[in-house]
*Asks:* 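Before I ask anything, let me first share the structure, which is written out below as structure tokens.
None of these values were measured; they are calculated from a predicted model. Every chain is numbered from 1 and lettered A, B, ... according to where its sequence line falls, protein lines coming before strand lines. FYI, side chains are in, hydrogens and waters are out, and symmetry mates aren't considered; it's all heavy atoms of this structure.
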Amino acid sequence: MARFYVTTPIYYVNDAPHIGHAYTTVTADGLARWHRLLGDEVLFVTGTDEHGLKMKRAAQANGLSPKEQADVYSARYEEAWALLDISNDDYIRTTEPRHHKAVRALMQAVYDNGWIYPGTYSGLYCVDCEGYYTETDLIDGLCPVHRRPVEFMTEENYFFRLSAFADRLVEWYSDQPGAVTPESRRNEALGIIKGGLQDISVTRSTLDWGVPVPWDEDHVFYVWYDALINYATVAGYGTDDGRFKKWWPAVHHLIGKDILRFHCVYWPALCMAAGIEPPRRVSVHGYLLVRGEKMSKTAFNQIAPADLVADFGVDGYRYHFLRDQSFGPDGEFSYEGMAARYNADLANNLGNLLARVSAVVAQKCGGIGPAPRPESPLAPLASDVYDAAAAAWEKVAPSDALEAAWRLVRAANAALEEAEPWRAPPGPEVDAVLGDALEVLRIVAVLASPALTRASAEIWRRIGLTQPIAEARLPDAGRWGGYPGGLAVERGGPLFPRHRD
RNA sequence: GGCGGCGUAGCUCAGUUGGCAGAGCACUCGGCUCAUAAUCGAGGAGUCGUCGGUUCGAGUCCGACCGCCGCUACCA
């Protein structure tokens, strides 16, 4: 059985979940669901990143312990994912014992292999970034990202000999040409590597909220390196060797372009230093722009998933982000665009197809759905559509996969116009056309189920199928002719009521 | 400053190795009335950022420029 291990970044808890976080998570969920349909053994994980100075200070401000603060914040992400029907198999929090074990074991291996040395670091530090800046980075003496004062800090800490890995990284990139996609991001990572890598500080001695360094317990690991290791933790690193061998290195990371440097340069190097293989695949996506601008706290243009779910439902939400935002480049998000897509694809095309078919089946077939024609004119298209959808998911292009499925929806609507079964007397010809339409509904429900977690099951139920759609297995379930006929078809209310503003 | 990307129909975006400009939405006209003012058909629509070059032929290749963005650097 094939295996599929897919991850989202673990989100830093000092922020409310917004549609940018959810975009990565929903895409990963769609991929996980597609692979489950294929019968793959799937490990899909998301979680939260909970250490660091910023968390410690937030806790102090609220009179809580850092762990209590992290519990509150982490729960917000879990709620958001529950709301969006995210089907993660595990949820990793960096404060868990298993993660501390993994971080300590992995970094100890790096240390034992001679890639870590003690040093002194001093500079201007931005607490919000958890990072150092040079004078020239600052804007008006403030952090360029957060526009807040920086602090001069000096600390004894440990450095990772990143500079020693430039050649091996370049070699890795040439051996694994598809490891980082899209190609422009791969080139960007190579640019960073070829531009010269400096050793990086991987510990902090001025902070106690983190994973203690095993060979020097007064230090904790810098939150970024702690965080990256979560992907190994989940696979069993440091706690379950058998499990780790099973899932590593065939891991597929989904990330936003803002953290490319960490995932495509530092993380592979750290893996090499620890003596494990770098991740097999990293897919990088762009930003969701709101009126041409990146979403940010300071721009006050962050959008909460719950607000959109309230207006479009979970299916409407997931469909929009998977279908309308192509994975890779930046994409423009607009409420109006979302509403237009919802009405066109979900209400008018798919929802209305179900409504008209079930109405005519009630009138002409006594409510019993006929079987499709084996030699239906729609059959070849259905085959093409399945191939296109499978290829699209394979290259992490959910929008192409869904676009393909809707070609079949449009063809079914057109075929009905052509045959006009509502004008014809009951009989074999009417049965043939309606059977074909029901078969399209069955197939589209399967192909769209990674996006439409609820409507897909409802379509199956209404056309009389009793098997849970989650148990459907591709490619068989996508082949023409699977609808048996002779099933009671329910005439229900609108599957996707039109959106009006 | 260096490296890289982007700029295509009103909107959101596709355009593989150069070969008659595409999709969806929106819009216009027509058909249909089973259906959620739905659906089907037809149609208009673009100096492919600007200028120049290579070529029989350039959205695509080359150069310059304008605008937006990303990464990176501060060295004379």
*Asks:* Nearest to the A:N413 side chain among B:rU39, B:rC34, B:rG24, which nucleotide is it?
*Replies:*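 Closest nucleotide among those given: B:rU39.
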*Asks:* Between A:E439 and A:R442, is there a side-chain N and carboxylate O pair less than 4.0 Å apart?
*Replies:*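 Looking at A:E439 and A:R442, the cut-off is met.
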*Asks:* Among the candidates B:rG70, B:rU36, B:rC13, find the nucleotide nearest to the side-chain atoms of A:F496.
*Replies:*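 The answer is B:rU36, which lies nearest to the side chain.
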*Asks:* B:rG41 and B:rU55: how far apart are their P atoms, nearest whole angstrom?
*Replies:*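 B:rG41 and B:rU55 have their P atoms separated by 46 Å.
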*Asks:* What nucleotide, of B:rC34, B:rU36, B:rC71, holds the atom closest to the side chain of A:A359?
*Replies:*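 Of the candidates, B:rC34 comes closest.
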*Asks:* P atom, B:rU50 versus B:rC56: distance in rounded Å?
*Replies:*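 Roughly 25 Å separates the two P atoms.
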*Asks:* Apply side-chain hydrogen bond (donor to acceptor under 3.5 Å, both in side chains) to residues A:W393 and A:H35 and explain how you reach the verdict.
*Replies:* CA-CA 9 Å; A:W393 282 109; A:H35 279 269; over 6 Å; no
*Asks:* Kindly point out which of B:rC13, B:rC32, B:rG70 is positioned nearest to the side chain of A:E420?
*Replies:*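 Within the option list, the nearest is B:rC32.
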*Asks:* Students often get this wrong, so: under 4.0 angstrom with heavy atoms, is A:R407 touching a base, only sugar-phosphate, or nothing?
*Replies:*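 No contact at all - A:R407 keeps every heavy atom at 4.0 Å or more from the nucleic acid.
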*Asks:* Is the distance between the ring centroids of A:W406 and A:Y319 under 6.0 Å?
*Replies:*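 Yes, they do, as the ring centres are separated by less than 6.0 Å.
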*Asks:* Given B:rC25, B:rU33, B:rG41, identify the nucleotide with an atom nearest to the side chain of A:R423.
*Replies:*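 Nucleotide nearest to A:R423's side chain: B:rU33.
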*Asks:* Any salt bridge between A:R323 and A:E403, counting N to O under 4.0 Å?
*Replies:*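 Salt bridge absent between A:R323 and A:E403.
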*Asks:* Hey, is A:E277 close enough to A:R168 for a salt bridge, meaning N to O under 4.0 Å?
*Replies:*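 Judged by the 4.0 Å cut-off on N to carboxylate O distance, A:E277 and A:R168 do not form a salt bridge.
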*Asks:* Using the P atom on both, measure B:rG49 against B:rU60 and round to a whole Å.
*Replies:*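 Result for the P pair: 8 Å, nearest Å.
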*Asks:* One pair to check against ring pair (Phe, Tyr, Trp, His ring centres under 6.0 Å): A:H320 and A:F333. What are the steps and the verdict?
*Replies:* CA-CA 10 Å; A:H320 170 75; A:F333 170 82; 5.5 Å; yes
*Asks:* Tell me whether A:E418 at atom CD has more than 12 heavy atoms from other residues, nucleotides or ligands lying less than 6.0 Å away.
*Replies:*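 Not more than 12 within 6.0 Å, no.
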*Asks:* Distance between the P atoms of B:rC13 and B:rC34, in whole angstroms?
*Replies:*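 About 40 Å, rounded to a whole number of Å.
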*Asks:* Measure up the A:W267 and A:Y231 rings against each other and bin them: parallel (under 30°), tilted (30 to 60°), perpendicular (over 60°).
*Replies:*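 It falls in the tilted class, 30° to 60°.
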*Asks:* Expressed in whole Å, how much space separates the C1' atoms belonging to B:rU8 and B:rA45?
*Replies:*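 Rounded to whole Å, the distance is 14 Å.
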*Asks:* Can you tell me how far P in B:rG7 sits from the matching atom in B:rU17, rounded to whole Å?
*Replies:*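 15 Å, rounded to whole Å.
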*Asks:* So which heavy atom on A:Y12 is nearest to which on A:G52, and how close?
*Replies:*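 Closest pair (atom of A:Y12, atom of A:G52, distance): OH-CA, 3.9 Å.
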*Asks:* Closest to the A:W422 side chain: B:rC40, B:rC71, B:rC34?
*Replies:*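 So the nucleotide nearest the side chain must be B:rC34.
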*Asks:* Convert the base pairs of RNA chain B into dot-bracket notation, remembering that pairs crossing earlier ones are written with [ ] and that bases paired across to another strand are shown as |; include only Watson-Crick or G-U pairs under 3.5 Å.
*Replies:* (((((((..((((.....[..)))).(((((.......))))).....(((((..]....))))))))))))....
*Asks:* Measuring only the C1' atom in each nucleotide, how far is B:rG59 from B:rG19? A whole number of Å is fine.
*Replies:*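 Pairwise C1' distance, B:rG59 against B:rG19, rounds to 13 Å.
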*Asks:* Return no unless some side-chain N or O of A:R500 is found under 4.0 Å from OP1 or OP2 of B:rA37.
*Replies:*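 Looking at the OP1 and OP2 atoms of B:rA37, one of them is under 4.0 Å from a side-chain N or O of A:R500.
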*Asks:* Where along residues 341-357 of chain A does a heavy atom come under 4.0 Å from RNA chain B, residue by residue in number order?
*Replies:*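 Here the set is A:R341, A:A344, A:A347, A:N348, A:N349, A:G351, A:N352, A:A355, A:R356.
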*Asks:* Within residues 314-324 of chain A, find the residues that approach RNA chain B with a heavy atom at under 4.0 Å, and present them sorted by residue number.
*Replies:*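 Residues of residues 314-324 of chain A under 4.0 Å from RNA chain B: none.
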*Asks:* Each nucleotide N or O in nucleotides 29-31 of chain B that has a protein N or O under 3.5 Å away: list the pair and distance.
*Replies:*
from: B:rG31; atom 1: N2; to: A:E417; atom 2: OE1; distance (Å): 3.1

*Asks:* So if I take residues 382-404 of chain A and measure heavy-atom distances to RNA chain B, which residues fall below 4.0 Å?
*Replies:*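 Close to the strand, none.
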*Asks:* Is A:R454 salt-bridged to A:D315, going by a charged N under 4.0 Å from an acidic O?
*Replies:*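 The answer is no: the pair does not qualify as a salt bridge.
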*Asks:* For A:D175, does the CG atom sit with more than 12 other heavy atoms under 6.0 Å from it, leaving out its own atoms?
*Replies:*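 Enclosed: over 12 neighbouring heavy atoms sit under 6.0 Å from CG of A:D175.
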*Asks:* Is a donor on one side and an acceptor on the other found under 3.5 Å between the side chain of A:Y342 and the backbone of A:P497?
*Replies:*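 Answer holds: yes.
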*Asks:* What interatomic distance, in whole Å, is found between C1' of B:rG44 and the corresponding atom of B:rA21?
*Replies:*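 Comparing C1' positions in B:rA21 and B:rG44 gives a spacing of 15 Å.
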*Asks:* How close do A:A189 and A:Y173 get, heavy atom to heavy atom, and via which atoms?
*Replies:*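 Minimum heavy-atom contact is CB-OH, 3.3 Å.
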*Asks:* Write out all pairs satisfying salt bridge (charged side-chain N to carboxylate O under 4.0 Å, His left out) with one or both partners inside residues 354-383 of chain A, taking only residues at least two apart or from two chains.
*Replies:*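 Passing the test, one end in residues 354-383 of chain A: A:R356-A:E417, A:R373-A:D436.
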